[in-house]
Amino acid sequence: MPCCIVQPNRSPPTESKPMSMQEKYTPAEIERAAQAHWDLTAAARAVEDASRPKYYCLSMFPYPSGKLHMGHVRNYTIGDVLSRFHKMQGYNVLQPMGWDAFGMPAENAALANNVAPAGWTYSNIEYMKQQLKSLGFAIDWQRELATCTPEYYRWEQWLFTRLYEKGLLYKKLGTVNWDPVDHTVLANEQVIDGRGWRSGALVEKREIPMYYMKITAYAEELLAELDNLPGWPEQVRLMQKNWIGKSTGVRFAFPLAAEFAQSADEKLWVFTTRADTIMGVTFVAVAAEHPLATRAAENNPELAAFIAECKQGGVAEADLATMEKKGMPTGIFVSHPLTGEQVEVWVGNYVLMSYGDGAVMAVPAHDERDFAFAKKYDLPIKQVIAADGESFSLDGWQEWYGDKQKGACINSGKYDGLAYEAAVDAIAADLAAKGLGEKKVQFRLRDWGISRQRYWGCPIPIIHCPTCGDVPVPDEQLPVVLPEDVEITGAGSPLARMPEFYECQCPKCGGDAKRETDTMDTFFESSWYFLRYACPDNATAMVDERVAYWCKGGIDQYIGGIEHAILHLLYSRFFTKLMRDVGLIGDLGEPFANLLTQGMVVAPTFYREGDGEQNRGKKLWLNPADVDVVTDERGRPTGATLKADGQPVIIGGTEKMSKSKNNGVDPQSLIEQYGADTARLFMMFAAPPDQSLEWSDAGVEGAFRFLRRLWKLVHDHVQTGTTLNSEAAPRVNAEIEAKSLSTVQTDLRRKLHQTMQKVADDYGRRKQFNTAIAAVMELLNAYDKANNGTDLSDAAGRALAQELLEAVTLLLFPIVPHIGQALYSELKPGADAGLASFPKADPAALKQDEIELMVQVNGKLRGSIRVAAEADKASIEAAALASEGAVKFMEGKPAKKVVVVPGRLVNIVV
RNA sequence: GCCGAGAUGGCGGAAUCGGUAGACGCAGCGGAUUCAAAAUCCGCCGCCGAAAGGUGUGAGGGUUCGAGUCCCUCUCUCGGCACCA
């Protein structure tokens with residue numbers, strides 16, 4: 001690495017004019033030099049400093065899948081812009097990076113290419129790290145971590161044992177996708193149309209013992225704290241709120257009729273939010289896994305077959321919810337808790353064992369799903385709610401049937417006439433009096449199953465002893481190191497076939513025991529990595545006091561994909577509270593004070609219909625880089641052809657960049673062709689961060705053209721020589737009095753200072769970088785116009801040009817730091833843009849004497865007037881009424897009303 | 001199915017608190033420069049209309065002096081749904 005370059009963009013001394021600025025914009029050269037300079041000066045190193053406000057800017061760490069994709073480039077550019085901007089604002093900035101290194105793709109790669117997951121992962125990390133470096137991100141690489149290293153995962157094993165001892169981690173049966181051919185557990189992603197992705201076999205549900213985190217114990221706090229997150233997007237808070245799904249209802253029991261009960265007081269418990277409709281219950285539905293269903297099936301082969309059918313298919317909720325609703329009677333009857341009426345128990349494939357008690361009361365008249373089910377199986381429907389102006393009919397479902405805000409009870413005996421809340425209260429009280437139920441808060445949130453029957457993950461630190469049971473691995477035996485020399489076969493975990501891994505002694509009794517061979521969900525690693533960045537070098541503790549410095553008041557900015565809006569963010573919030581309760585960290589409150597959820601990177605797709613035996617009916621996806629789009633004379637696309645053969649291809653939709661649609665663009669080739677600054681500028685300019693970003697080759701070229709133009713403007717200014725490359729360059733307000741500026745110069749200077757204000761607001765408050773860039777482009781257009789005339793040729797003009805170009809360089813620096821570094825040192829020799837302060841608008845320059853107001857007649861734009869900035873309402877009205885457009889369109893009628901919106905417009909109503 | 005978001009010119013997008021719709025860029029068209037091309041520069045660019053003007057923010061309705069923005073109904077697209085990360 002070169003170490004002698006301090007001024008990155010100096011021409012080599014061999015040239016005839018050694019001090020002159022290079023005319024051509026050469027990104028490769030200036031980027032190499034700028035990065036070398038930052039490396040040399042440790043520009044991104046973050047050191048705790050209590051005397052300065054800190055700014056911890058965190059981007060979701062990548063999975064090392066092989067190479068960076070555009071989504072990464074976008075994510076990390078957003079983070080870098082915010083980091084650099086805040087550094088220029090005087091903050092002590094931390095921007096770390098690491099690797100979410102455990103996961104299925106490493107095992108898949110091992111299967112496909114016969115490479116070891118560990119080796120594959122580490123080489124991917126090495127390559128992707130170089131890619132990140134070539135993009136010029138101000139990352140403190142001394143804090144780099146990878147979750148697949150024992151130095152990292154030993155601490156989560158340690159935490160696991162603490163939580164296990166506290167009862168916050170426990171074992172119970174869980175349902176998984178089972179591939180009966182490959183004899184392996186499948187992830188939901190590996191189940192395609194109900195079949196295993198490799199074997200093609202019909203997937204079955206299977207119950208196995210798993211470890212669970214008691215996240216439900218924190219449901220109330222996780223929900224309540226959402227209100228303390230003003231820096232989060234509203235929709236993410238709402239999604240989490242709905243995910244936690246707190247509902248207040250009534251949990252009550254149907255006593256089993258004597259001939260079906262195994263004990264005298266056996267009951268079937270259900271939970272409902274609609275206790276007001278309890279008199280409309282005509283049957284009860286239980287999940288296929290419910291004990292009552294199992295019992296009923298013992299002597300009922302038909303029901304047993306139905307239950308077996310329910311166990312076909314995967315466990316993904318989306319599949320369960322879109323399934324055709326089916327059911328079968330059990331022949332078991334229970335008593336209605338209030339009427340004593342006999343109600344039959346059905347098995348329903350739509351009832352989830354994991355929610356509540358795995359059983360629901362069915363009120364077909366007032367629940368849409370029950371209504372459809374009752375119609376299908378010809379079960380009775382009993383109306384118990386009536387609403388004014390509505391009539392109930394069995395012919396079809398109407399929205400109001402299920403609306404708890406509408407109507408009151410009927411056909412419900414003593415509850416008749418009561419509205420929702422009063423009815424629920426009365427019914428709950430009566431159930432409680434009978435000892436058959438009570439009001440209950442129920443959460444949709446379920447405990448988090450963390451066991452995975454996979455190899456490439458963190459080993460669960462438990463030893464199974466035939467005499468002592470499950471024993472957590474003692475601290476001094478941690479970490480339980482994952483062996484890296486293994487054979488991946490695709491059938492179960494290799495750990496389960498490695499006696500050298502699982503054979504061990506019980507830490508309690510010393511007898512022969514078996515080590516747990518399941519690994520942890522990779523969400524476990526990503527739930528606390530942001531705390532470890534504060535102290536990645538600590539070999540004796542999971543976290544230390546540096547967490548308090550960097551994470552105080554929450555991480556200042558978290559940036560990542562919207563697809564993580566629920567699970568990852570919820571688990572991370574949960575971990576912060578767990579770690580607080582284990583005494584590891586003080587009460588940091590919420591981990592992420594501000595959250596920015598970036599949109600996806602999408603690109604057009606192209607395909608041809610396949611032919612021949614193999615491909616008939618299949619779409620053969622073509623990469624956009626290999627396709628020419630044909631347009632008409634107005635630029636509208638009319639079709640597309642393949643570059644290779646000139647023959648037409650079909651234009652598909654615009655979709656998320658993916659391998660399967662072959663519409664990905666490799667960031668590497670982009671960097672090589674145009675440089676990192678162009679890639680960064682395009683990504684920030686094409687769309688606001690939280691919206692999806694559409695890839696456009698032409699847009700990339702536009703970004704490159706802009707940087708080339710910026711380079712030339714600065715070059716021309718420097719070559720003109722007014723600044724003489726000296727520190728003594730004249731400044732407006734110092735050597736040059738602001739009032740000596742011409743009108744054109746004053747206007748341009750006002751625009752400059754308005755732009756400073758807007759860009760700072762866009763970076764800091766709005767986090768909308770496309771408009772910041774647009775504002776600078778607009779400013780440069782105005783500069784160009786003034787400069788191309790003779791408006792800037794006098795001394796004041798040169799001083800203004802100097803002020804403007806310096807400011808523009810710094811305004812853009814967070815987005816395009818390499819060219820910024822080079823240009824700034826040309827404008828101010830010896831100066832380092834990376835250490836400069838962000839430009840601050842001068843209030844005096846913002847002042848305006850005269851303003852333009854729009855004139856409307858009946859809300860339609862009819863002209864404009866110029867008035868003094870401090871003009872009063874009466875004189876504005878008078879000027880508006882006298883204006884040409886107003887006179888013409890008022891057609892002599894008197895004004896009924898005149899609305900004056902200060903600084904904006906006048907609306908005359910006639 | 002459930003939860004969440006979105007829809008504005010040929011395209012990406014702007015309009016920040018209900019106040020000039022289309023900033024900025026791309027594509028396109030016309031011109032200058034060039035032997036020519038590239039690059040660059042200048043101009044035009046929602047739709048209808050010769051113009052005056054009318055009309056226009058997914059569809060339909062509403063509130064308002066004024067609606068892309070607020071309310072209601074609907075359509076389509078995207079994200080998540082607990083073992084993809």
Side-chain angles (χ1 to χ4, degrees), chain A residues 60 62-63 65 100 103-105 174 176-177 185-191 233-236 238-239 241-243 245 314-323 325 350 354 369 445-446 448-454 521-523 526 561-568 570 597 599-600 602 629 631-637 653-656 685-688 690-703 705-706 708-709 712 758 761-762 765-766 768 770-771 773-778 781 788 852-856 858-861 864 896-899 901 903-905 907-909:
Chain A
M60 289 182 185
Y63 177 80
S65 56
D100 188 13
M104 280 204 312
V176 294
N177 303 304
V185 175
L186 297 177
N188 284 338
E189 191 191 50
Q190 297 170 315
V191 178
E234 179 61 36
Q235 85 258 28
V236 175
L238 194 55
M239 278 191 262
K241 185 180 176 220
N242 291 335
W243 184 265
V315 298
E317 193 185 307
D319 297 333
L320 297 173
T322 47
M323 233 168 23
K325 309 291 175 281
Y350 61 92
S354 52
R369 200 170 43 188
L445 183 68
R446 316 198 287 260
W448 171 17
I450 58 155
S451 295
R452 297 292 180 269
Q453 299 67 46
R454 283 177 227 300
D521 182 1
T522 57
F523 272 124
S526 56
I562 181 72
E563 66 274 18
H564 295 291
I566 297 175
L567 291 178
H568 163 61
L570 189 66
T597 49
M600 293 177 309
V602 298
V629 175
T631 58
D632 66 12
E633 75 284 354
R634 304 187 71 162
R636 296 189 187 103
T654 298
E655 300 193 50
K656 179 174 175 168
F685 183 58
D690 56 354
Q691 279 179 39
S692 64
L693 181 150
E694 189 170 326
W695 183 260
S696 154
D697 287 325
V700 172
E701 278 180 46
R705 271 205 294 272
F706 174 75
R708 201 164 48 190
R709 176 171 165 235
K712 188 170 179 300
K758 163 147 185 74
D761 187 45
D762 279 350
R765 179 182 63 91
R766 296 217 301 156
Q768 193 166 306
N770 54 332
T771 48
I773 296 164
V776 175
M777 286 175 168
E778 227 179 302
N781 289 345
N788 285 342
E852 189 178 29
L853 297 180
M854 295 302 126
V855 176
Q856 294 182 339
N858 287 339
K860 289 195 178 178
L861 186 66
S864 67
K896 277 188 208 154
K897 185 175 177 183
V898 181
V899 182
V901 184
R904 295 234 181 233
L905 57 72
N907 187 18
I908 301 164
V909 186

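Bear in mind that the values here come from a model prediction, so they are computed numbers and not experimental data.
The same atom, C1', is picked in B/C71 and in B/C24; the two are 33 Å apart, to the nearest Å. Using C1' as the reference atom, B/U8 and B/G4 are 22 Å apart when rounded to the nearest Å. Across B/C72 and B/G6, the matching P atoms stand 14 Å from one another, rounded to whole Å. Across the P atoms, B/C78 and B/A51 are found 41 Å apart, a figure rounded to whole Å. Across B/G58 and B/A5, the matching C1' atoms stand 15 Å from one another, rounded to whole Å. For the P atoms, the distance from B/G19 to B/G79 is 33 Å, rounded to whole Å.
Nucleic acid contact class of A/Ser451 (heavy atoms, under 4.0 Å, all strands): base. Nucleic acid contact for A/Phe523: base, since at least one base atom lies under 4.0 Å from a heavy atom of the residue.
Closest to the side chain of A/Asn788, out of B/A5, B/A85, B/C42, is B/C42. The side chain of A/Ala187 sits closest to B/C84 out of B/A85, B/C84, B/C24. With distances taken from any side-chain atom of A/Asn781 to the nucleotides B/G25, B/G1, B/A85, the minimum falls on B/G25.
Residue order along RNA chain B, read from the 5' end via each residue's closest nucleotide, puts A/Glu234 first among A/Arg709 and A/Glu234. Heavy-atom nearest nucleotides on RNA chain B were determined for A/Pro105 and for A/Arg708, and the one closer to the 5' end corresponds to A/Arg708.
Atom pair A/Phe706:CZ and B/C41:P shows a separation of 12 Å (rounding to whole Å applied). Rounded to an integer number of Å, the gap from CD1 of A/Ile450 to C1' of B/C83 is 13 Å. A/Asn177 has its CG atom 13 Å from the C1' atom of B/C84, to the nearest Å.
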**Asked** Nucleotide by nucleotide, 5' to 3', does protein get under 4.0 Å of the base (B), only the sugar-phosphate (S), or neither (-) in nucleotides 12-20 of chain B, counting heavy atoms?
**Response** SSSSB--BB

**Message:** Output one letter per nucleotide in nucleotides 74-82 of chain B: B when a protein non-hydrogen atom lies under 4.0 Å from the base, S when only the sugar-phosphate is that close, - when neither is.
**Reply:** ----SBSBB

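Under the side-chain contact (heavy atoms from CB on, under 4.5 Å) rule, A/Val315 has a single partner from A/Asn188, A/Val176, A/Leu320, A/Leu186, which is A/Asn188.
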**Request:** Treat a base pair as Watson-Crick or G-U wobble with both distances under 3.5 Å, then lay out RNA chain B in dot-bracket form, 5' to 3', with | for cross-strand pairs.
**Result:** (((((((..(((......[....))).(((((.......))))).(((....)))..(((((..]....))))))))))))....

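Side-chain atoms of A/Arg766 and A/Lys758, non-hydrogen and from C-beta on, do get closer than 4.5 Å to each other.
Anti is the conformation of B/C71, whose glycosidic angle sits further than 90° from 0.
Put simply, A/Arg705 has a side-chain N or O that comes within less than 4.0 Å of OP1 or OP2 on B/C26. Taking only side-chain nitrogens and oxygens, A/Lys860 never comes nearer than 4.0 Å to OP1 or OP2 of B/G53.
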